[in-house]
Colleague: 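First, the structure itself, so that you have it in front of you.
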Amino acid sequence: MPELLEVEFYRQLALGVLGRTVTGVSVPDKKVLVPPLTVTGLRRALVGRQFTSARRHGKLLLLESGPLADWGDAPAGPILGIRFGMTGELVVDDRSAVDRLLYSPGRYGPQWVRCRIELSGGRLELHDPRRFGRIALDPDESVLGPDAATVSPAELRGALAARTGGGPPLKARLQDQARLAGLGNLLCDEILWRAGLSPWRPSGSLTGPELRRLHRHLRATVSDLLVRGGSHLGDLMPERGAGGHCPRDGTALVRSTVGGRTTWWCPSHQV
DNA sequence: CCGGATGTTCACCT
DNA sequence: GAGGTGAACATCCG
């Protein structure tokens with residue numbers, strides 16, 4: 001997916017639908033709806049309302065809807081929650097937010113539109129070739145940890161704290177959305193590479209200075225790659241593959257599986 | 001044809 | 001209970 005950075009771009013794109021009225025809903029792929037949500041349920045929930053805000057929590061995009069009428073006491077509508085899975089992309093009025101994804105635009109297929117919300121003057125669509133994306137109403141945000149883009153040093157320390165032993169590998173814990181929301185596979189590799197920390201370090205084994213260093217690089221990497229335009233534009237990314245070398249010291253990168261995900265790291269300076 | 005892919009979840013071990 | 005592993009999901013791409 002779409003990690004935190006891409007979802008943030010989607011959020012910015014979604015700002016363009018605020019204040020416009022939902023006129024219809026179609027769901028070419030029913031699988032995207034999280035049970036018990038149905039097409040008619042989604043339609044009844046949204047048609048006639050306007051989206052009032054676009055928020056993001058980790059990799060979850062949240063579109064809040066307003067009341068059906070402009071009466072002062074009419075209740076606000078539900079929150080539309082969108083998860084993008086591995087290949088999901090938001091398209092608003094036929095515009096996408098990200099230049100390059102794995103299955104990227106330029107290769108748009110109408111067959112990949114999994115959900116479409118018609119709005120006055122246009123539409124909001126979820127494109128998703130691989131069909132891991134999901135849409136829910138009023139998603140439970142309480143299951144998510146603090147957002148990685150704004151996490152404080154104390155919150156990061158808490159997220160990495162181990163209850164038993166040294167804890168799981170650092171990278172596995174950084175990707176645990178219940179502890180810290182928003183980091184995915186690529187961002188974690190880039191952050192750990194910049195911070196000079198091995199993905200295998202037990203998450204609870206970091207010293208005070210190492211925690212501060214990780215926090216600094218985490219925040220800096222997120223803002224840096226937000227400017228660059230995506231998770232795939234990190235310094236490590238071009239070397240992240242067979243035969244790749246560390247851009248910092250030239251050491252051959254090592255491929256491991258950490259927390260179930262392919263991990264590329266420098267055995268020389270990531271300790 | 002095969003392996004792998006920016007993710008989540010569940011079953012099954014230890 | 002915590003944590004690890006592997007598989008499943010589904011589809012496309014190199």
Side-chain angles (χ1 to χ4, degrees), chain A residues 1-10 28-35 56-61 81-90 96-109 111-114 126-136 139-140 143-145 148-149 159-192 199-205 221-222 225-226 228-234 236-238 240-244 255-264:
Chain A
M1 102 172 118
E3 304 186 37
L4 163 164
L5 300 175
E6 286 73 25
V7 180
E8 174 59 21
F9 298 141
Y10 299 163
D29 181 8
K30 309 291 178 287
K31 195 172 181 297
V32 303
L33 302 180
V34 174
R56 179 189 60 74
H57 188 158
K59 307 172 185 176
L60 176 67
L61 178 65
I82 307 179
R83 285 193 295 116
F84 293 90
M86 292 278 267
T87 55
E89 218 174 316
L90 193 72
S96 79
V98 181
D99 287 342
R100 249 177 353 132
L101 276 181
L102 189 56
Y103 307 106
S104 61
R107 259 197 271 265
Y108 270 114
Q111 74 274 22
W112 291 339
V113 176
R114 308 302 182 189
L126 171 64
H127 280 227
D128 184 15
R130 210 168 146 184
R131 303 173 72 199
F132 287 167
R134 292 293 181 269
I135 287 180
D140 183 5
V143 300
L144 296 174
L160 298 182
R163 288 177 192 166
T164 62
L170 178 55
K171 185 184 174 189
R173 179 57 69 88
L174 285 173
Q175 289 183 99
D176 181 346
Q177 303 297 302
R179 304 280 189 151
L180 180 66
L183 299 187
N185 199 28
L186 297 186
L187 263 178
C188 278
D189 276 6
E190 178 78 15
I191 289 165
L192 291 174
W200 289 109
R201 283 284 296 277
S203 74
S205 74
T221 302
V222 168
L225 296 194
L226 265 177
R228 292 194 200 181
S231 306
H232 55 294
L233 298 175
L236 179 67
M237 296 303 109
R240 204 177 167 284
R255 176 190 165 139
S256 310
T257 299
V258 185
R261 309 301 303 279
T262 297
T263 300
W264 293 89

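Here is how names work: the chains are called A, B, and so on, in the same order as the sequence lines, proteins then strands, and each is numbered from 1.
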Colleague: What distance separates R131(A) CZ from M86(A) CE, expressed to the nearest 0.5 Å?
Modeller: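 With rounding to 0.5 Å, CZ (R131(A)) is 15.5 Å from CE (M86(A)).
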Colleague: Among dT6(B), dT11(C), dT8(B), which nucleotide has an atom closest to any side-chain atom of R131(A)?
Modeller: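 Of the candidates, dT11(C) comes closest.
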Colleague: Could you state the interatomic distance from OG1 (T262(A)) to CZ (R240(A)), rounded to the nearest 0.5 Å?
Modeller: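 Between atom OG1 of T262(A) and atom CZ of R240(A) there are 7.0 Å.
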Colleague: Can you name the one residue among P168(A), P199(A), C188(A) that meets side-chain contact (heavy atoms from CB on, under 4.5 Å) with V258(A)?
Modeller: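 Considering P168(A), P199(A), C188(A), a side-chain contact (heavy atoms from CB on, under 4.5 Å) with V258(A) is found only for P199(A).
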Colleague: Measuring to OP1 and OP2 of dG7(B), would you say a side-chain N or O of R261(A) lies under 4.0 angstrom away?
Modeller: yes
Colleague: Using whole Å, report how far CD1 of I82(A) lies from P of dT8(B).
Modeller: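 Distance, rounded to whole Å: 15 Å.
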Colleague: Between C1' on dA10(C) and CZ on R83(A), what's the gap in Å once rounded to a whole number?
Modeller: 15 Å
Colleague: In terms of side-chain heavy atoms of E3(A), which of dG4(C), dT6(B), dA10(C) is nearest?
Modeller: dT6(B)
Colleague: In whole Å, what is the span from the CZ atom of R114(A) to the P atom of dC9(C)?
Modeller: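 Taking atom P of dC9(C) as the reference, CZ of R114(A) is at 17 Å.
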Colleague: How would you label the contact of R134(A) with the nucleic acid (heavy atoms, under 4.0 Å): base, sugar-phosphate, or nothing?
Modeller: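 Result for R134(A) = nothing.
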Colleague: If you compare all heavy atoms of L183(A) against all heavy atoms of E3(A), which two are closest, and at what distance to 0.1 Å?
Modeller: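 In terms of heavy atoms, the two residues are closest at C-OE1, 3.9 Å.
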Colleague: Mind checking T262(A) for me? I need base, sugar-phosphate or nothing, with any heavy atom below 4.0 Å counting as a touch.
Modeller: sugar-phosphate
Colleague: So, is R130(A) close to the dC12(C) phosphate, meaning a side-chain N or O under 4.0 Å from OP1 or OP2?
Modeller: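 Checking R130(A) against dC12(C): no side-chain N or O falls below 4.0 Å of OP1 or OP2.
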Colleague: If you measure from the C1' atom in dT6(B) to the same atom in dG3(C), how many Å do you get, rounded?
Modeller: 24 Å
Colleague: Can you tell which of dC9(C), dT8(B), dG4(C) lies closest to the side chain of K31(A)?
Modeller: dC9(C)
Colleague: Compare all side-chain heavy atoms of E89(A) with those of Y10(A) and state whether any distance is below 4.5 angstrom.
Modeller: yes
Colleague: Round to a whole Å and report the spacing from CG of L5(A) to P of dG7(B).
Modeller: 11 Å
Colleague: In whole Å, I'd like the distance from the CG atom of L144(A) to the P atom of dT8(B).
Modeller: 9 Å
Colleague: State whether K59(A) places a side-chain N or O below 4.0 Å from either non-bridging phosphate oxygen (OP1 or OP2) of dT6(B).
Modeller: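 Looking at the OP1 and OP2 atoms of dT6(B), neither is under 4.0 Å from any side-chain N or O of K59(A).
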Colleague: Check whether any side-chain nitrogen or oxygen of R173(A) sits under 4.0 Å from OP1 or OP2 of dG3(C), and answer yes or no.
Modeller: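 So the side-chain polar atoms of R173(A) do come within 4.0 Å of the phosphate oxygens OP1 or OP2 of dG3(C), strictly under.
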Colleague: At under 4.0 Å, does any side-chain N or O of W112(A) touch on OP1 or OP2 of dC12(C)?
Modeller: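 For dC12(C), OP1 or OP2 has a side-chain N or O of W112(A) closer than 4.0 Å.
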Colleague: Side chain of M86(A) only, please: which of dT8(B), dG3(C), dG7(B) is the nearest?
Modeller: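 Between dT8(B), dG3(C), dG7(B), the one nearest the side chain of M86(A) would be dG7(B).
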Colleague: Output the rounded distance in Å from NE2 (H232(A)) to C1' (dG7(B)).
Modeller: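 For the pair H232(A) NE2 and dG7(B) C1', the rounded distance is 17 Å.
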Colleague: Expressed as a whole number of angstroms, how long is the span from I135(A):CD1 to dT8(B):P?
Modeller: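 One finds 16 Å between P of dT8(B) and CD1 of I135(A), rounded.
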Colleague: For T87(A) and dA10(C), is the shortest distance between a side-chain N/O and OP1 or OP2 below 4.0 Å?
Modeller: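 T87(A) to dA10(C) OP1/OP2: no side-chain N or O under 4.0 Å.
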Colleague: Closest-nucleotide mapping onto DNA chain B: is F132(A) or R255(A) further toward the 5' terminus? I mean the 5' end.
Modeller: R255(A)
Colleague: Is the shortest heavy-atom distance from the side chain of M237(A) to the side chain of E190(A) under 4.5 Å?
Modeller: yes
Colleague: Rounded to whole Å, how long is the line connecting atom CG of L61(A) with atom P of dT6(B)?
Modeller: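 Result: 22 Å.
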Colleague: Across all strands shown, which nucleotide pairs with dT6(B) by Watson-Crick or G-U wobble geometry, both distances under 3.5 Å?
Modeller: none
